[in-house]
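Here the structure is a predicted model, which is why all the values come from computation and not from measurement. A, B, ... follow the sequence lines: proteins, then strands. Residue 1 opens every chain.
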Amino acid sequence: MLCQNCQEREASVHYTQVVNGQKKEMHLCEQCAQGEGYMDFANENLSLHHFLTNMFPFDQTKDQSQQQMTSAQTIKCEGCGLTYHEFRHQGKFGCSQCYEAFSDYLDPIFKRVHSGNTEHVGKIPKRLGGNLHKHREINQLQEQMQQKINEEDFEEAANIRDRIRHLKEELHDDHGGEA
Amino acid sequence: MSLQDFINDAISPWMNDEGQDSDIVLSTRIRLARNLEQVPFPTSGDQSSQEKVLQHIEQEFNNQSYEDFKKFQLVKMADTEPVEKRVLVEKHLMSPNLAENSQTGAVLISENEQASVMINEEDHLRIQLYYPGLGLSEALQQAQKLDDWFEERTRYAFNEEKGYLTSCPTNVGTGLRASVMMHLPALTMTNQMTRMAPEINKLGLVVRGIYGEGSEALGALYQISNQMTLGKSEEDIIQDLQSVVSQVIESERQSREWVMQQSGIQLEDRIFRSYGVLAHSRIIESKEAAKCLSDVRLGIDLGLIKNISKTILNELMVLTQPGFLQHYAKKSLQPGERDWFRANLIRERLQLEQY
């Protein structure tokens, strides 16, 4: 099939556009598709914003009934006064408390933006200390230990138990040091 | 160092160091988004809290040095002329968004311009660090240190489950955006970029043209960066980006070789025509300039053009943008006049190289 635009090159980009309910099929070559802006590397912010504002309506129909969503719309952040409705519209939070205020509705958004993830596993501010890292590591190790026990790999489970014990001792020492 | 000195030099001092894979990777950038605890984000529009943030940063960090980053200088948008702002944007030391926040926006720039910290952009702080060539883990390490330095004198908004809290849900968690600027002429010439870009997007990374609007990647310059900031550690984010970038580098090298073998004389012709245009034209549009600069840089990398320094692409891509041209002309220029000044500037720059 020849490109509908230049009638010269082979069409390799096929897409369907729906305008006012009218379906329109286009077959273009790569050059023309790029020229027409159908394959653009759009401005990062613009596309992310677009992406965000577009995906909210999808949330509505998916999990929650219309009624629940209407009540969600009116939730207001005490910190900055932003409503959930406004947040949905602008795609930006107003303050750190918004994260708490809208927390019931945010995970689906985070999942979509961050490939299914909802929990931070990276850097932790120093002021919160290595303790947080250690608590988190202990939790993870405990899960691993349980799994090993279920798999009846008791030798490995015992190794993990020793590591947990060691970390707990360190935590205790840290605490003693601070006091 | 005064602002005047900053903008007189299109090339930031750090750019003169040659990094790893610098025939293809022009620079690496790490950006960390941070907000202060219990202060509304700049997106809330609350002016008085933004002013307090700015005052705090000015007091604590203006004229301070930290390890390799000497003498941070605070440039306030309120005291900066539009053309100077434009120049800072063209040097990638700040974003166009910040230039618009003329009340409380500011940028803290280290003397070698390797580190810059935007204040009251979308987030209270955006720590940026550049590295020549490909240097993701080095750049991350340095950025983390700078982050720790800032943290000593501020309290970040942080939540144990969600990490560093940011204005936009796309940055929450690590607040890290790592990006690599690449010159990919052979992949562009052989139309492979249009195929590769969607593949790279599927891996959770973003590819986009750096200069030019919309779909065009002017001068075959692309930026590849991570999209995900939550649920992955900083080191893993860097690792994943690194492995894709390494593959792109490999493909570009192979394509260069292939084009040389298949159509060496045509490529050589194209490169030297572009060189001729740059060396002799009297009027040149930015689009044509970008294309020719990319060709000439490829010619240098392939060893076809000798006695021109490699940095010419980086340097002239910055210098021939409207802000710098007007700075060079010392007056504001109409679009037609810009093309004339651009041609002059490029000729003069090339003459510096020839003897």
- Query: Does a sphere of radius 6.0 Å around CD in A/Glu151 hold more than 12 heavy atoms from other residues, nucleotides or ligands, not counting ones at 6.0 Å or beyond?
  - Reply: yes
- Which heavy atom of B/Glu234 sits nearest a heavy atom of A/Gly122, and at what distance? OE1-CA, 3.3 Å
- All heavy atoms of B/Pro169 vs all of A/Ile109, minimum pair found to be CB-CG2, 4.4 Å
- Which distance, rounded to the nearest 0.5 Å, do you find between the SG of A/Cys95 and the CG of B/Leu36? 13.0 Å
- Message: Counting C-beta onward and ignoring hydrogens, is there a side-chain heavy-atom pair between A/Ser96 and B/Phe158 closer than 4.5 Å?
- Response: no
- Message: Surrounding NE2 of B/His56 (heavy atoms of other residues, nucleotides or ligands, distance under 6.0 Å), is the total greater than 12?
- Response: yes
- Message: For the interface with chain A, which of B/Glu235, B/Gln38, B/Arg155 has the highest count of heavy-atom pairs at distances below 4.5 Å?
- Response: B/Arg155
- Any Lys/Arg nitrogen of B/Lys162 or A/Asp107 sitting under 4.0 Å from an Asp/Glu carboxylate oxygen of the other? yes
- Heavy-atom contacts under 4.5 Å, residues 136-145 of chain B to chain A: B/Gln144
- Message: Within a 6.0 Å radius of atom NZ on A/Lys76, are there more than 12 heavy atoms belonging to other residues, nucleotides or ligands?
- Response: no
- Query: How far does NZ of A/Lys92 sit from OG1 of B/Thr166, to the nearest 0.5 angstrom?
  - Reply: 10.0 Å
- Item | Contact leader toward chain A among B/Lys232, B/Glu161, B/Glu37, B/Glu152, where contacts are heavy-atom pairs under 4.5 Å | B/Glu161
- Item | Region of B/Asp148 in contact with chain A, defined by heavy-atom distances below 4.5 Å | both
- Task: Find the distance between CG (B/Asp147) and NZ (A/Lys123) and round it off to the nearest 0.5 Å.
- Result: 3.5 Å
Using residues 154-167 of chain A as the side-chain source, report each donor-acceptor pair under 3.5 Å to any protein atom, sequence neighbours left out, with the distance given to one decimal.
{"unit_1": "A/His166", "atom_1": "NE2", "unit_2": "A/Glu170", "atom_2": "OE2", "d": "3.2"}

- Query: Hey, does B/Leu230 have a side-chain heavy atom less than 4.5 Å from the side chain of A/His120?
  - Reply: yes
- So, do A/Tyr99 and B/Val172 sit near enough that their side-chain heavy atoms are less than 4.5 Å apart? yes
- State which residues pass side chain to side chain contact (heavy atoms under 4.5 Å, CB included) with B/Thr229; sequence neighbours excluded, sorted by chain then number. A/His114, B/Thr174, B/Arg177, B/Asn226
- Query: By number, which residues in residues 42-53 of chain B have some heavy atom less than 4.5 Å away from chain A?
  - Reply: B/Thr43, B/Ser44
- Can you say whether A/Glu86 sits under 4.5 Å from chain B via the side chain, the backbone, both, or neither, judging by heavy atoms? neither
- Residue from B/Gly173, B/Ser167, B/Gly175, B/Ala157 scoring the most non-hydrogen pairs under 4.5 Å with chain A is B/Ser167
